[in-house]
There are 2 protein chains.
Amino acid sequence: MRDPLPSLPGYSLRRAANAAAAELASRLGELNLRQVDASLLILIGENPDVTASALGRQLDIQRANMVPLLKRLEDAGLIERKAIDGKSQGLTLTAQGAEITQQARTMIERFEAELLARIPAQHRDHLLPALDALWR
Amino acid sequence: MRDPLPSLPGYSLRRAANAAAAELASRLGELNLRQVDASLLILIGENPDVTASALGRQLDIQRANMVPLLKRLEDAGLIERKAIDGKSQGLTLTAQGAEITQQARTMIERFEAELLARIPAQHRDHLLPALDALWR
DNA sequence: TATTGTTATACTCTATAACTATA
DNA sequence: TATAGTTATAGAGTATAACAATA
């Protein structure tokens, strides 16, 4: 079939992102985590007592949508909430959450290394700077 | 906030793809098209009498999900179906569909050019080959 | 007045299973 | 037996509006 779409960077960007996301989702599934769960756990681990609102701003997730995401992590025993003041809650990893987060980080690092390994060497180091220019 | 995620190519891939998709969606909205509509119209224009199943295979969209997509394009008067044999239907653009498709292609080409222009020159030509290695 | 956390809700996208009819 | 088109449905993901309580 004639298909001019793959020559478009924006189209290839979406297809590559979808392919990578599907593969990572499959691997993180072994830890009963989705990508967004892993992102939240990593950020909470790096920023103890961070608030739900701050996490949402960092990940471009709206406040209202953070509620079920955090509830899921809390129900799984991976994070804890404690009141900072009357209206804010600080989030931290539980011991179990820290352990799962470390496993997820190891898994993600391996995945990222494998992703890069698929890219021909002469293009490899250009991917991240090029992507950064598109969203940061 | 400490955030190690942007250093991960897979994460940046998703963020860049989302940012690009949101912007293109906004522009195509002026033509009352979504990205998937534009992709379908372009492929149908390039491949007259293509079947719904073949389109789905090319775009990794399942047969069942093609039904509402094509119905929408047909209801908008952009595509037509005519029986190839007892079970297959050939899809073609209507005159109006061809016109809208041309407008979409012009819009997309401008968008793609602007995307590439944002990437520093020394990285620009590496993006598409790097992405291709991740999904093709 | 702005922000935090929350509830409720709706819409889109996608995945799965099943069915009919035809090649 | 495999394929094309379709229907129905369920699950994610996301967007919007509104509310109470607090900074």
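Chain naming here is simple, since letters A, B, ... match the order of the sequence lines and numbering starts at 1 in each.
For the pair Ser53(B) and Ile61(A), nearest-nucleotide mapping onto DNA chain D gives the more 5' position to Ser53(B). Between Ala64(A) and Ala52(B), the residue whose closest nucleotide on DNA chain D is further toward the 5' end is Ala52(B). Comparing Thr51(A) and Arg14(A) against DNA chain C, the residue whose closest nucleotide sits nearer the 5' end is Thr51(A). Along DNA chain C, the nucleotide nearest Leu69(B) and the nucleotide nearest Ser88(A) are compared for position; the residue whose nucleotide lies closer to the 5' end is Ser88(A).
A donor-acceptor pair under 3.5 Å is formed between the side chain of Arg124(A) and the backbone N or O of Ile119(A).
Contact check for Leu5(B) versus Leu59(A): side-chain heavy atoms found under the 4.5 Å cut-off. The closest side-chain heavy-atom distance from Leu43(B) to Val50(B) is not below 4.5 Å. Using a 4.5 Å heavy-atom cutoff, the side chains of Leu115(B) and Glu112(B) are in contact. Contact check for His126(B) versus Asp125(A): no side-chain heavy atoms found under the 4.5 Å cut-off.
Atom pair Arg34(B):CZ and dC13(C):C1' shows a separation of 9 Å (rounding to whole Å applied). Atom pair Leu70(B):CG and dC13(C):P shows a separation of 14 Å (rounding to whole Å applied). Nucleotide dA15(D) holds its C1' atom 15 Å from the CG atom of Asn18(B), rounded to whole Å. Here dT9(C) presents its C1' atom at 12 Å from CG of Asn65(A), a figure rounded to the nearest Å. Atom CD in Gln62(B) sits roughly 16 Å away from atom P in dG11(D) (whole-Å rounding). A straight line from NZ of Lys71(B) to C1' of dT7(D) spans 13 Å, rounded to a whole angstrom. When the P atom of dA12(D) is taken as reference, atom CG of Asn32(A) falls 12 Å away, rounded to whole Å. Straight-line distance from the CG atom of Asp60(B) to the C1' atom of dA15(C): 14 Å, rounded to whole Å.
For dT6(C), one of the phosphate oxygens OP1 or OP2 lies less than 4.0 angstrom from a side-chain nitrogen or oxygen of Gln89(A). Side-chain nitrogen and oxygen atoms of Arg63(B) include none within less than 4.0 Å of the OP1 or OP2 phosphate oxygen of dT16(C). The phosphate of dA4(D) (OP1 or OP2) has no side-chain N or O of Arg81(B) nearer than 4.0 angstrom. Taking 4.0 angstrom as the limit, Arg57(B) places a side-chain polar atom (N or O) nearer than this to OP1 or OP2 of dA4(D).
Out of dT3(C), dA4(D), dT6(D), the shortest distance to the side chain of Lys87(A) is found at dT3(C).
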